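What follows is a set of notes on a single structure, which appears directly below.
Quick caveat, the model's predicted, so the values are computed rather than measured.
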Amino acid sequence: MAREPKQDRSRVTRQRLLEATIDSLAEQGWSATTVGVVAERAGVSRGATQHHFPTREDLITGALEYMFDTRMDHARREAQEIPPGPGRTKLVVERLVEYYTGPMFKAALQVWTAASADPELRDRIVPLEERFGRRAHQMAVENLGVDDNDPVTHRLVQATLDLARGLGLADVLTDDARRRAEVVRSWAEVLDASLNSRLSAASVGAR
């Protein structure tokens, strides 16, 4: 019984450190996100921080994993709230774009940029990014309710994710909300028509 509160405190401390890392990356950038800065933001001693994350790289990669897992949990809950019907595709695209224009993506972007010039960090980040990419694609497929075995549908989903990332990059320096909303609406219409066309073709072929 005595171990449970200690384990709970350890879990809470770890979560505070991970959230402080994400906030620091999004607000202050890669260079300013040091172990000392994160510890101060989290209200945790440097020693306790290094107990959980011995190196800065451990802290950063841990934050990325936590960030992605948190986002996927949110996406699962959000998917249950999206009603079926003609507007579903637009809502799914909007949710994807909201993620890529949010603070979590901005934090991840700081790490990707740093990893491009740091071979050791890149070796850590590339496998994570590949896993994240596969899971994001899978979640998009599930939310859209489409058959990813169809190669055209697969490419349409991937194009949607690529579009969302591009819009996220465009939002880093300036607020591009008005143009982004127009792009999302137009692409959602194209995507919906294309996906429905693939479903119709599959139905005809199955007869």
Side-chain angles (χ1 to χ4, degrees), residues 22 25-26 61 63-113 115-116 122 125-206:
I22 294 166
L25 284 167
T61 53
L64 286 181
E65 290 180 316
Y66 173 79
M67 177 172 59
F68 184 76
D69 290 342
T70 300
R71 176 55 196 159
M72 288 299 100
D73 287 342
H74 288 169
R76 290 188 194 95
R77 291 194 293 270
E78 289 171 352
Q80 298 173 359
E81 301 169 2
I82 301 176
R88 183 178 179 88
T89 299
K90 182 172 182 289
L91 286 172
V92 171
V93 175
E94 285 175 344
R95 296 285 173 86
L96 286 170
V97 172
E98 284 172 7
Y99 166 65
Y100 284 107
T101 54
M104 288 188 176
F105 176 72
K106 289 180 171 64
L109 185 60
Q110 291 289 331
V111 181
W112 295 340
T113 303
S116 67
R122 184 167 61 245
I125 299 303
V126 167
L128 285 178
E129 172 57 19
E130 290 174 349
R131 180 166 68 86
F132 297 166
R134 287 192 299 270
R135 191 69 188 98
H137 185 100
Q138 182 183 350
M139 286 296 296
V141 168
E142 292 173 2
N143 289 347
L144 288 167
V146 295
D147 179 13
D148 198 45
N149 292 318
D150 175 55
V152 175
T153 298
H154 179 89
R155 289 194 292 271
L156 285 168
V157 173
Q158 195 57 51
T160 303
L161 291 168
D162 290 344
L163 173 69
R165 287 192 196 94
L167 291 173
L169 288 171
D171 189 65
V172 170
L173 296 178
T174 59
D175 183 0
D176 203 31
R178 179 176 296 181
R179 188 184 71 87
R180 183 168 66 248
E182 294 174 357
V183 172
V184 167
R185 178 181 54 78
S186 297
W187 174 249
E189 291 174 357
V190 172
L191 179 63
D192 194 59
S194 299
L195 292 175
N196 286 331
S197 175
R198 299 306 299 172
L199 286 173
S200 297
S203 297
V204 171

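Residues R135 and Q138 bring a donor and an acceptor atom of their side chains to less than 3.5 Å of each other. Side chains of R71 and H74: no donor on one and acceptor on the other come within 3.5 Å.
A ring pair (Phe, Tyr, Trp, His ring centres under 6.0 Å) with F105 is found for exactly one of W112, F68, F132, namely W112. A salt bridge (charged side-chain N to carboxylate O under 4.0 Å, His left out) with D171 is found for one member of R179, R165, K106 and no other, namely K106. Tested against T89, the residues V190, N143, D192 include a single side chain to side chain contact (heavy atoms under 4.5 Å, CB included) partner, D192.
D176 approaches A170 most closely through the heavy-atom pair OD2-CB, 4.1 Å. Taking each heavy atom of R122 and P127 in turn, the nearest pair found is O-CD, 4.3 Å. The two residues R198 and D150 have their closest heavy-atom pair at NH2-OD1, 2.8 Å.
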- [ ] Begin with the C-alpha distance, continue with both residues' side-chain angles, and end with the deciding distance and a verdict on side chain to side chain contact (heavy atoms under 4.5 Å, CB included) for V157 and V141.
- [x] CA-CA 7 Å; V157 173; V141 168; 4.0 Å; yes
TODO: Please assess Y66 against I22 for the test side chain to side chain contact (heavy atoms under 4.5 Å, CB included), listing each intermediate value before the final yes or no.
DONE: CA-CA 9 Å; Y66 173 79; I22 294 166; 3.8 Å; yes
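For the atom pair CG (L167) and CG (D162), the distance works out to 11.0 Å, reported to the nearest 0.5 Å. Once rounded to the nearest 0.5 Å, the distance linking CE of M72 with CZ of R77 reads 11.5 Å.
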Please set out all donor-acceptor pairs under 3.5 angstrom arising from side-chain atoms of residues 96-104, sequence neighbours excluded.
unit_1 : atom_1 : unit_2 : atom_2 : d
T101   : OG1    : V97    : O      : 2.9
T101   : OG1    : E98    : O      : 3.2

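Although no hydrogens or angles enter the test, the distance criterion places a donor-acceptor pair under 3.5 Å between the side chain of S116 and the main chain of T113. Between the side chain of T160 and the backbone N or O of L156, at least one donor-acceptor pair lies under 3.5 Å.
With respect to K90 and E94, a salt bridge is recorded, a charged nitrogen being found less than 4.0 Å from a carboxylate O.
For E189, the salt bridge (charged side-chain N to carboxylate O under 4.0 Å, His left out) partners at least two apart in sequence or on another chain are R185. Every side-chain contact (heavy atoms from CB on, under 4.5 Å) that H154 has, sequence neighbours left out, goes to H137, D148.
Considering only heavy atoms from C-beta on, D147 stays 4.5 Å or farther from T153 through its side chain.
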